[in-house]
Trainee: 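The structure's right below; bear with me while I get my questions together.
Proteins get letters first, then strands, A, B, ... in listed order; numbering begins at 1 in each. Note that the coordinates shown come from a computational prediction; the quantities given were computed from them, not determined experimentally.
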Protein chains: 2
Amino acid sequence: MDSKVRDEMVAVDKRVRDAGLRPTRQRVALGNLLFAKGDRHLSAEELHEEALAAGVPVSLATVYNALHQFTEAGLLRILAVEGSKTYFDTNTSDHHHFFIEGENRIFDIAAGPVEIVNLPEPPEGMEIANVDIVVRLRPKRAK
Amino acid sequence: MDSKVRDEMVAVDKRVRDAGLRPTRQRVALGNLLFAKGDRHLSAEELHEEALAAGVPVSLATVYNALHQFTEAGLLRILAVEGSKTYFDTNTSDHHHFFIEGENRIFDIAAGPVEIVNLPEPPEGMEIANVDIVVRLRPKRAK
DNA sequence: CTGTGTGCAAACTCTTTGCATAAGT
DNA sequence: ACTTATGCAAAGAGTTTGCACACAG
């Protein structure tokens, strides 16, 4: 194994530990799949399949557990898209998404210049947790 | 029955008819519940309960059917909020939402001045169907 | 060792479907 | 009459839970 990969695994181990979770085989393996390749948008089932494909025989229930624990720890965010499945985003910073109707594909909008103006104040006693923008796309129809 | 209510029911009948749907008792009754009171955010189950409470013994399957048919006809929109339930919005014009974490409550952001600047171009061959902004709120924590 | 995590299967929730009956045009 | 809609119950998808066994500290 080259040193870069090993460093990543050490880093994931630390992230999991810092989140107050035991760095078990399964959690570290899932963490590696999630965090090693940049920003990802995954459902539990997709991650489960990836794990099996990677030779980590983790159960689906454990994948759900890990995803929720990571989310509580701030390592993941849940994406607000309609549809039956829950998607998790490995990028927890403020950024936004394109969503392709019909295909259930999601990808990031480059974070840079997008900005919302004139957002109203939240009601008394509430504060803004975050702002999600979803730009729903459809195939351009022929003229 | 006063003339205003009767006029509303005639209008709903026409909306349903214009959508290419037979104005059956159930669809008209559901349409009235949906459209008579301004903008609403409802799940299928909530609408079902309202219908029963209003003395319209409609089945849950029919509520789902009607909601989807109305959505296809452009009379409703599906809200993009995470969570297991699907919410339907009776306001189909471009507007945005506050979402209260934990309570699953949704309400409109006054449409007026909110604006997004510097939204990137959609990828080749795609066009924007719509843009949803969800502002997630949480209770302000004491200082 | 001790306690937390995991895996399995069963349970649960929300939604959709199939088919006989009822209602609209 | 003819066709489409409805209601019921059962199936389906996604997710969660309970409990015995395994593993990390």
Trainee: Determine the interplanar angle of the A:His41 and A:His97 rings, folded into 0 to 90°, and report it as parallel if under 30°, tilted if 30 to 60°, perpendicular if over 60°.
Mentor: perpendicular
Trainee: As a quick check of understanding, evaluate side-chain hydrogen bond (donor to acceptor under 3.5 Å, both in side chains) for B:Asp89 and B:His95, giving each step before the final call.
Mentor: CA-CA 11 Å; B:Asp89 190 341; B:His95 70 289; 2.9 Å; yes
Trainee: Would you confirm whether A:Glu46, through its side chain, and A:Ser43, through its main-chain N or O, come within 3.5 Å as a donor-acceptor pair?
Mentor: yes
Trainee: When you check the gap from the basic side-chain N to the acidic O, do B:Lys85 and B:Glu45 get nearer than 4.0 Å?
Mentor: no
Trainee: Is A:Arg77 salt-bridged to B:Glu82, cutoff N-O under 4.0 Å?
Mentor: no
Trainee: I'd like to compare against my own output: the B/S/- annotation of nucleotides 19-25 of chain C with a strict under-4.0 Å heavy-atom distance to protein.
Mentor: ----BBS
Trainee: Step through it carefully: locate the ring centre of B:Phe107, locate the ring centre of B:His96, and say whether they are under 6.0 Å apart.
Mentor: no
Trainee: Looking at A:Val58, is its backbone amide N or carbonyl O close enough to the side chain of A:Thr62 to form a donor-acceptor pair, meaning the two atoms are under 3.5 Å apart?
Mentor: no
Trainee: Rounded to the nearest angstrom, tell me the gap between atom CG in B:Leu42 and atom P in C:dC14.
Mentor: 15 Å
Trainee: Nearest whole Å is fine: how far is D:dA5 C1' from B:Leu67 CG?
Mentor: 15 Å
Trainee: Nucleotide by nucleotide, 5' to 3', does protein get under 4.0 Å of the base (B), only the sugar-phosphate (S), or neither (-) in nucleotides 8-17 of chain D, counting heavy atoms?
Mentor: B-----SBBB
Trainee: Residues two or more places apart in sequence or in another chain: which of them pass ring-ring contact (aromatic ring centres under 6.0 Å, His included) with B:Tyr64?
Mentor: none
Trainee: What is the separation between atom CD on B:Gln69 and atom C1' on D:dT6, rounded to the nearest whole Å?
Mentor: 11 Å
